[in-house]
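Everything numeric here is computed off the predicted structure, so don't read it as measured data.
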Amino acid sequence: MKLSVLQTVCLTLVVIASACGIFSFVRGLLQMVSIVADGKPAPSRTKPVGRRLFMAIWKPLTHSAFKGRPWIKVAHWLVMVSFPLLFLTLVTGYGQVVNPYFTLPLLGSFAPWEWVVEAIAWLSLAGILWLIGVRTRAGKGREGEAAGKGRDGHTEPSRFLGSANSHARFVEAVILSVVLCVLALRVLEYALLSKTPGTAVSAWHFPFTFLLGKVAATASVGALENAIVVVSTAKIVISMLWMVVVGLAISMGVAWHRFLAFVNIYARRKLDGSKALGAASPMYVEGEPVTAQTIQNLAQLEDAQLGVGTLADMTWKDRLDIFSCTECGRCQEICPAWATGKPLSPKLFITALRDHAVASSSFVQAAAKMGASDTDSLIEGTKNFYRGSLMPHNGDVLGALRDSGITGPDGVAIEPAPLVGNVIAPETLWACTTCGACVDQCPADLEILDHILDLRRHQVTMQSAFPSDLNRPMRGLERQQNPYSLSAKKRLDWARELDFEVPVVGIDVPDAKSVDYLFWVGCAGAYDDRAKKTTQAVAQMLHHAGVSFAVLGNGETCTGDPARRAGNELLYQTLAAAAVDKLNEASPKRIVVTCAHCFNTIANEYPQLGASFEVIHHTELLTKLVEEGKLKPLLEQGPHKVTLHDACYLGRHNGIYNAPRELLGALPGFEVTEMPRNKDRAMCCGAGGAHAFMQDKIGVRMADARLSEAASTGADTVATACPFCSTMLASGRVNSGEAPQVTDVAILLRDAVLEKPKEVKPQEQPQEEDDWDDFFD
């Protein structure tokens with residue numbers, strides 16, 4: 001078949017565009033693979049293959065990681081499935097440049113397939129238009145938000161703030177253009193076939209385009225043939241332009257995530273489909289997890305690095321994670337630190353690491369070394385690999401070379417750049433409360449908290465660099481095994497005001513086997529005045545219900561949660577090992593705890609040390625006792641309007657949302673109302689990540705923002721289910737009006753079951769050297 005001039009020109013364009021697109025895409029892919037493969041080993045991230053493959057397919061296919069915004073979820077799903085389903089139309093386009101009548105063998109005229117193609121094309125067109133509209137609407141307030149407006153804990157700034165808007169608009173334009181080309185070709189194909197003698201054409205093969213096809217059929221055969229050639233060429237050139245651009249810009253997460261998300265989900269930390277919440281990832285050295293037993297071996301390892309200090313310390317999974325970010329901003333939108341004016345956006349944290357990895361890649365090193373005889377030629381060689389806005393460090397090639405850690409002819413720095421201080425500001429790193437909202441909301445399963453903790457681990461264990469506020473609690477954990485720096489002899493002070501004896505394991509009972517529950521009181525429950533009231537209430541309820549329990553008393557120590565979340569992994573391992581030994585010695589049937597952090601540590605992290613215990617939160621146990629009729633809340637305390645604050649380490653990290661709500665629902669005289677942000681979207685009180693022992697000095701206090709949100713519901717009481725939440729919120733201030741009282745659900749239940757006891761002033765205690773009263777002095 002002889003080609004026309006138009007076909008010759010179009011075929012030439014297609015060949016050139018395809019060669020450039022494939023070359024650029026493969027080159028970019030190899031560069032990315034090189035960066036990721038240069039990472040350290042990531043144990044247990046590739047097997048079992050079957051289970052991981054299932055998750056890698058099932059998660060994206062069902063979009064189960066998308067939370068909220070159901071219409072955006074549907075729109076994104078339609079756009080996602082359009083890529084594999086409409087790929088064959090791209091293959092068809094190559095044939096149509098040469099022959100406008102070309103169709104794929106067998107499949108090309110298969111009616112069910114044609115129905116799928118047209119349906120998906122129209123639906124994905126609607127989907128991409130919806131997503132374009134969402135981004136446009138969200139971007140209207142960008143200027144004001146950049147100036148700091150709307151970050152008071154009540155309003156939600158645009159989740160796209162800080163994202164590469166030009167990247168997103170480019171990808172959106174490509175998708176829109178390609179889908180329009182697909183539909184246009186279907187219309188033109190119908191019109192051309194309707195004019196071809198001996199060819200029967202009907203709506204059966206063109207179900208959603210035949211009406212437009214009838215309109216197009218008014219054109220001549222030659223015009224229709226030429227139109228098909230031109231539109232097919234346009235579709236191919238646009239697709240190849242996309243491949244050229246993303247190949248050059250491997251940091252374009254909004255484009256690359258459609259490939260990398262599948263791999264990232266495959267290599268996820270948890271195989272049960274849940275997010276990387278609950279237990280923190282172990283700290284590895286030489287591929288082995290650090291435990292109390294292996295700490296002594298660290299001194300024998302030369303140049304052992306703890307945590308992540310530079311790009312070289314990141315595993316291949318860490319690097320894959322940062323490239324998989326799509327910059328959707330869901331994490332940024334829900335982050336309590338960002339919402340209250342702190343210098344932390346989980347999205348910008350990840351993209352900063354990604355951009356640094358690209359700038360410091362091995363390909364930059366290779367470019368720099370090509371024919372370089374002095375620093376000038378070294379820089380020029382690097383420039384040959386990057387142009388314009390794609391240049392690392394905004395054109396600062398020498399800075400990029402320093403970060404890549406290579407040796408130059410004129411002594412370019414060898415040492416790799418530390419991440420904290422160069423890529424991530426210390427204020428950003430320490431603003432995180434480890435609430436887990438970012439991880440919970442991420443549709444690509446990025447393990448953001450793991451990255452933050454690894455950076456903290458290096459800062460604390462290798463650099464001894466951490467906020468000065470943590471000096472006292474860390475010293476208290478080392479000396480007294482509690483962050484309050486108080487004597488173990490005071491751990492049972494809370495029980496002195498009770499009208500019954502609290503049995504102690506090893507004194508009143510030989511072990512915990514003889515009782516129903518071992519009551520793990522926790523450091524806050526033993527030492528904090530407000531938390532001690534919750535401890536008393538739980539003990540009273542268990543006693544009233546006839547549930548036998550015992551405590552460890554002076555033998556109880558900190559679980560290690562504050563140390564671990566602050567990055568002091570070595571101290572955590574020491575504390576955890578001691579606590580596990582004590583629990584193993586006590587041999588409890590079940591453990592009940594009031595602290596969400598203790599619950600998480602014992603239930604989720606001690607199994608990493610080979611110790612598994614049945615742990616129940618006090619709200620779950622009290623709910624069970626109410627359901628069984630052993631606790632009968634009959635005394636009306638109201639009328640009261642109460643709202644529940646969801647503790648991060650009870651809710652997001654462990655999925656316990658209903659138990660405290662069921663307890664509140666059983667209280668006579670209480671009207672329960674929800675805050676705008678509740679359950680998995682609840683805002684942090686500001687205590688997590690060891691922030692209970694740090695002063696919130698930047699922006700709005702999280703506790704103030706959360707308490708103001710509670711007050712806006714009209715509630716006079718904020719119910720809590722964690723001692724740290726109670727303490728933080730009780731110290732909060734509202735924007736205007738009177739602050740609601742803050743009370744644990746156990747106390748509210750106790751007051752509805754028992755006659756409210758008279759307020760007893762705590763006995764005066766002699767002040768110790770490290771008393772909590774001057775904690776921040």
#### Entry: Pair Y649-T434, side-chain donor/acceptor within less than 3.5 Å
yes
### Query
Has the side chain of R159 got a donor or acceptor atom that lies under 3.5 Å from a matching backbone atom of R330?
no
### Message
For F259 and F323, I'd like to know if the aromatic rings sit close, meaning centre-to-centre distance below 6.0 Å.
### Response
no
#### Entry: Expected output: side-chain E605 to main-chain I602 donor-acceptor under 3.5 Å
no
### Output field: ring centroids H597/F724 closer than 6.0 Å
yes
### Message
Any salt bridge linking R135 with E327? Criterion: basic side-chain nitrogen under 4.0 Å from a carboxylate oxygen.
### Response
no
### Task
Look at the side chain of K347 and the backbone N and O of C328, then say whether any donor-acceptor pair between them is shorter than 3.5 Å.
no
### Task
May I have the step-by-step check of side-chain contact (heavy atoms from CB on, under 4.5 Å) for L446 and V439, ending in yes or no?
CA-CA 6 Å; L446 269 65; V439 176; over 6 Å; no
### Query
Is the side chain of H691 donor-acceptor paired with the backbone N or O of W430 at a distance under 3.5 Å, no angle test?
yes
### Task
Flag the pair P60 / I265 as yes when at least one side-chain heavy-atom distance between them is below 4.5 Å, and no otherwise.
yes
### Query
Does the pair K67/E333 count as a salt bridge with the N-to-O cut at 4.0 Å?
no
### Query
Sub-3.5 Å donor-acceptor pair from the side chain of R268 to the main-chain atoms of K270, do we have one?
yes
#### Entry: Nearest-0.5 Å distance, CG of residue N600 to CG of residue L277
9.0 Å
### Message
If only side-chain N and O atoms count, and only distance matters, is there a donor-acceptor pair under 3.5 Å linking N604 with N654?
### Response
yes
### Query
Does a side-chain heavy-atom distance below 4.5 Å link L306 with R457?
no
### Query
Any donor-acceptor pair under 3.5 Å linking the side chain of N482 with the backbone of Q480?
yes
### Query
Got N165 and F160 here, is their nearest side-chain heavy-atom distance under 4.5 Å?
no
### Message
Once rounded to the nearest 0.5 Å, what's the spacing between atom OG of S251 and atom CG of D355?
### Response
5.0 Å
### Message
Tell me which pairs pass side-chain hydrogen bond (donor to acceptor under 3.5 Å, both in side chains) where either residue lies in residues 254-266, with sequence neighbours left out.
### Response
H257-T326, N264-K317, N264-D321
### Query
Sub-3.5 Å donor-acceptor pair from the side chain of T574 to the main-chain atoms of L570, do we have one?
yes
### Query
Do S345 and Q332 meet the criterion of a side-chain donor-acceptor pair at a distance under 3.5 Å?
yes
### N-O pairing of R681 and D440 below 4.0 Å
no
### Query
Would you say the side-chain atoms of E447 pair up with the backbone N or O of R269, donor to acceptor, closer than 3.5 Å?
yes
### Query
Are L353 and L311 close enough that some pair of their side-chain heavy atoms sits under 4.5 Å apart?
no
### Message
Before you tell me yes or no, could you show the steps for W338 and L161 under side-chain contact (heavy atoms from CB on, under 4.5 Å), namely the whole-Å CA-CA distance, both residues' side-chain angles and the distance that decides it to 0.1 Å?
### Response
CA-CA 11 Å; W338 176 259; L161 185 63; 3.8 Å; yes
### Message
Checking T351 against L348 for the side-chain contact (heavy atoms from CB on, under 4.5 Å) test, could you report, in this order, the C-alpha distance in whole Å, the side-chain angles of both residues, the deciding distance, and whether it holds?
### Response
CA-CA 5 Å; T351 55; L348 300 180; 4.0 Å; yes
### Query
Does NZ or CZ of R472 come closer than 6.0 Å to the centre of the six-membered ring of F693, within 45° of the ring's axis?
no
### Query
How many angstroms lie between atom OH of Y484 and atom CG of L477, to the nearest 0.5 angstrom?
10.5 Å
### Query
If you measure from CG on D454 to OG1 on T315, what distance do you get to the nearest 0.5 Å?
8.0 Å
### Query
Out of C331, C432, C442, which one pairs with P346 under the side chain to side chain contact (heavy atoms under 4.5 Å, CB included) rule?
C331
#### Entry: Basic-acidic side-chain contact under 4.0 Å: D561, R564
no
### Message
Are F466 and N471 packed together at the side-chain level, in the sense that at least one heavy-atom pair is separated by less than 4.5 angstrom?
### Response
yes
### Residue pair D696 / K342, side-chain heavy-atom distance below 4.5 Å
yes
### Message
Run the salt bridge (Lys or Arg N to Asp or Glu O under 4.0 Å) test on D445 and K275 for me, step by step, so that the C-alpha distance in whole Å, both residues' side-chain angles and the decisive distance to 0.1 Å come before the verdict.
### Response
CA-CA 7 Å; D445 271 353; K275 301 282 189 174; 3.0 Å; yes
### Query
So do the side chains of T433 and P336 get within less than 4.5 Å of each other, counting heavy atoms only?
yes
#### Entry: Side-chain touch R706/C684, heavy atoms, less than 4.5 angstrom
no
### Message
Keeping R565 on the side-chain end and G688 on the backbone end, is there a donor-acceptor pair under 3.5 Å?
### Response
no
### Message
Tell me if a side-chain donor or acceptor on R652 pairs with a main-chain N or O of A682 at a distance below 3.5 Å.
### Response
yes
### Message
Could you measure the distance from the CD1 atom of I35 to the CZ atom of R319? Nearest 0.5 Å is fine.
### Response
8.0 Å
### Task
Evaluate the criterion side-chain contact (heavy atoms from CB on, under 4.5 Å) for residue pair I322 and D318; output intermediate values, then yes/no.
CA-CA 7 Å; I322 61 179; D318 295 336; over 6 Å; no
